[in-house]
Protein chains: 2
Amino acid sequence: MSTRRTKTREKILLAAWKLLEASPPISVRMSDIAKETGISRQALYQHFPARSELLIATARYLDEVKDVDVRLAPSRSAKSGAERLDAFIEAWGNYIPEIYGVAKAFLAMKDTDPAVAAAWEDRMQAVKHGCNAVILALKKDGTLSPNFPPKKATDILWTMLSVRNWEQYRFECGFSQRTYIKTMKQVSKRLLFIDTTNSNK
Amino acid sequence: MSTRRTKTREKILLAAWKLLEASPPISVRMSDIAKETGISRQALYQHFPARSELLIATARYLDEVKDVDVRLAPSRSAKSGAERLDAFIEAWGNYIPEIYGVAKAFLAMKDTDPAVAAAWEDRMQAVKHGCNAVILALKKDGTLSPNFPPKKATDILWTMLSVRNWEQYRFECGFSQRTYIKTMKQVSKRLLFIDTTNSNK
DNA sequence: TTTGGTTGTTGACATGGTGTCAATTAAGTA
DNA sequence: TACTTAATTGACACCATGTCAACAACCAAA
């Protein structure tokens, strides 16, 4: 039971997380994380062979703590496709701000580090699967617009809900988080639902 | 007439452009640009005090060569709002791939360099103004959906047409450039047009 | 054609961040 | 207490950016 090692490791991940999620955002160096943890920079490398590994481990740690599956439960148990769409946007859309710091670090590094790119890709594919499930539920209900084949509808929804777009809406367009969620629901419905004389209230 | 200086400067910009636009994309260092230009790395700094300045100058050079205004002319002279929307998407959407290499370099650097961030911001605001003009034309026609106030419609269209989204559609979703354009036209129409018994063919 | 100023070249060096290594100290446990 | 594991310190390699100084090549005008 290397309890000491485990404890330090967790302290490191916690420190990394805290710094990455700091606002205003700062550039987080290995030395910053070491200082925040209360150990030497070199000791960091005994736990994580590279910055990229530490980043990936931090993401995994987040996954664990934040329990994504629980958050997505309402979406999965929704009765109609419409409800499922709303629940999914609610869950994922409100998850983004909680992971944004780490996500930003991933996005900044994925162009230079293949391992980071792969880890990011994984997570984004998971989101895409979520989108796809929503689209399939709509199709099953017969409420998916015939304008878009399911695959394409998935691509569109997925792109619409990207972290980059969240970033733009929040920081460039000045949307509040609430407005963001409301808008995404509104837009996705208008876009993906079959045309009826539907009033989207 | 420092014709020699001017000539070298242009050679540098051309080299930078060529390398940034290279496919597959590569990370472009000052030494790479120097080599491509046929001068020493240090000589580069006699023309551009920093990498960021060189990048910004390259963008300006692109602006000049590519003549954005001419491309946007069809959009501005469109008769209806609908035509204007199509023309704008066509112009901007087909412009993106031509500047993508440089845009990518901007996006990678704007988080660390304020000057780069400002230059990028400028260009994106120009695009946003284009989007806004489109929305206003729709409103004037009375064909803008009442679901979205003009400002919000602009934000949505602008975000939809971001370089990041183009990137995702092209490389993540595997859209062809043609499919991308077609999809953006289709989505924007469906989203922004007032509900009539419109068949979007 | 020589002189002078501009442009480019070479080599050396500072900086800042990542990652490595070796020797040493401090804990924690058998 | 003795052994193992974890952390510390200090030094160093690497790589990209950016700076500096001394020197060479070029072009133009007198």
Side-chain angles (χ1 to χ4, degrees), chain A residues 1-16 19-20 22 25-58 101-102 104-117 119, chain B residues 1-16 19-20 22 25-58 101-102 104-117 119:
Chain A
M1 310 289 102
S2 61
T3 176
R4 188 172 165 217
R5 183 174 179 77
T6 310
K7 255 176 65 184
T8 308
R9 193 190 142 93
E10 191 147 340
K11 274 202 290 183
I12 294 171
L13 293 173
L14 220 59
L19 290 179
L20 286 170
I26 45 172
S27 77
V28 179
R29 290 154 300 191
M30 290 299 265
S31 52
D32 297 320
I33 299 169
K35 199 191 294 174
E36 180 70 27
T37 310
I39 64 174
S40 68
R41 191 177 68 86
Q42 290 84 336
L44 232 50
Y45 287 94
Q46 289 178 337
H47 294 267
F48 305 98
R51 199 183 116 90
S52 56
E53 296 297 318
L54 171 49
L55 209 61
I56 292 169
T58 307
V102 177
K104 234 181 111 178
F106 264 75
L107 288 167
M109 217 172 163
K110 85 183 179 105
D111 286 324
T112 57
D113 190 298
V116 169
Chain B
M1 312 286 102
S2 61
T3 176
R4 188 173 166 215
R5 182 172 179 78
T6 311
K7 255 176 65 183
T8 308
R9 193 189 142 94
E10 191 147 338
K11 274 203 291 184
I12 293 171
L13 293 173
L14 220 60
L19 290 179
L20 287 170
I26 46 171
S27 77
V28 179
R29 289 153 301 191
M30 289 300 264
S31 52
D32 296 321
I33 298 170
K35 199 192 292 173
E36 180 69 26
T37 310
I39 63 175
S40 68
R41 190 178 69 86
Q42 290 85 335
L44 232 50
Y45 287 94
Q46 288 176 339
H47 293 266
F48 305 98
R51 198 184 116 90
S52 55
E53 296 297 317
L54 171 48
L55 210 60
I56 291 169
T58 306
V102 177
K104 235 182 110 177
F106 263 75
L107 288 167
M109 217 174 163
K110 86 184 178 105
D111 286 324
T112 57
D113 189 298
V116 169

Quick test: give all pairs of protein nitrogen or oxygen and nucleotides 21-26 of chain D nitrogen or oxygen below 3.5 Å, distance rounded to 0.1 Å.
none

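Expressed to the nearest 0.5 Å, how far CG of B/Leu13 lies from CD of B/Glu10 amounts to 7.0 Å.
On a pure distance criterion of 3.5 Å, a polar donor-acceptor pair joins the side chain of B/Arg41 and the base of D/dG18.
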Mind running side-chain contact (heavy atoms from CB on, under 4.5 Å) on B/Thr8 and B/Arg5 for me, showing each step along the way? CA-CA 5 Å; B/Thr8 308; B/Arg5 182 172 179 78; 6.0 Å; no
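Side-chain proximity of B/Ala43 to C/dT7, C/dT9, D/dT8: nearest is C/dT9. Among C/dA12, C/dG19, D/dT8, the nucleotide with an atom closest to any side-chain atom of A/Ile39 is D/dT8.
Under the rule for a salt bridge (Lys or Arg N to Asp or Glu O under 4.0 Å), B/Arg41 has no partner lying at least two apart in sequence or in another chain.
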Which donor-acceptor pairs under 3.5 Å do the side chains of residues 42-57 of chain A make with protein atoms, sequence neighbours left out?
{"from": "A/Arg51", "atom 1": "NH1", "to": "A/Val28", "atom 2": "O", "distance (Å)": "2.5"}
{"from": "A/Ser52", "atom 1": "OG", "to": "A/Asp113", "atom 2": "OD2", "distance (Å)": "3.1"}

Pair up each side-chain donor or acceptor in residues 30-37 of chain A with any protein partner under 3.5 Å, not counting sequence neighbours, and list the distances.
{"from": "A/Asp32", "atom 1": "OD1", "to": "A/Arg29", "atom 2": "NH2", "distance (Å)": "3.2"}
{"from": "A/Asp32", "atom 1": "OD2", "to": "A/Arg29", "atom 2": "N", "distance (Å)": "2.8"}
{"from": "A/Asp32", "atom 1": "OD2", "to": "A/Arg29", "atom 2": "NE", "distance (Å)": "2.9"}
{"from": "A/Asp32", "atom 1": "OD2", "to": "A/Arg29", "atom 2": "NH2", "distance (Å)": "3.3"}
{"from": "A/Glu36", "atom 1": "OE2", "to": "A/Lys18", "atom 2": "NZ", "distance (Å)": "3.0"}
{"from": "A/Thr37", "atom 1": "OG1", "to": "A/Ile33", "atom 2": "O", "distance (Å)": "2.6"}

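Atom pair A/Arg5:CZ and D/dA7:P shows a separation of 7 Å (rounding to whole Å applied). Atom NZ of B/Lys35 is separated from atom C1' of C/dG8 by 18 Å (rounded to the nearest Å). Rounded to a whole Å, the OH atom of B/Tyr45 is 16 Å from the P atom of C/dG8. If you take CE of B/Met30 and C1' of D/dC15, they are 15 Å apart, rounded to a whole angstrom. Protein atom CZ of A/Arg9 is 12 Å distant from nucleotide atom P of D/dA7, rounded to whole Å. Atom-to-atom, CG of A/Leu44 to C1' of D/dA6 comes out at 13 Å; the value is rounded to the nearest Å. Going from atom CZ of A/Arg29 over to atom P of D/dC15 covers 22 Å, rounded to whole Å.
Between its opening and closing five pairs, the helix from C/dT1-D/dA30 to C/dA30-D/dT1 changes axis direction by 10°, a value rounded to 10 degrees.
Side-chain atoms of B/Leu107 and B/Lys110, non-hydrogen and from C-beta on, do get closer than 4.5 Å to each other.
The phosphate of D/dA7 has OP1 or OP2 within less than 4.0 Å of a side-chain N or O from A/Thr8.
Near DNA chain C, defined here as any heavy-atom distance below 4.0 Å, the residues from residues 47-56 of chain B are B/His47, listed numerically.
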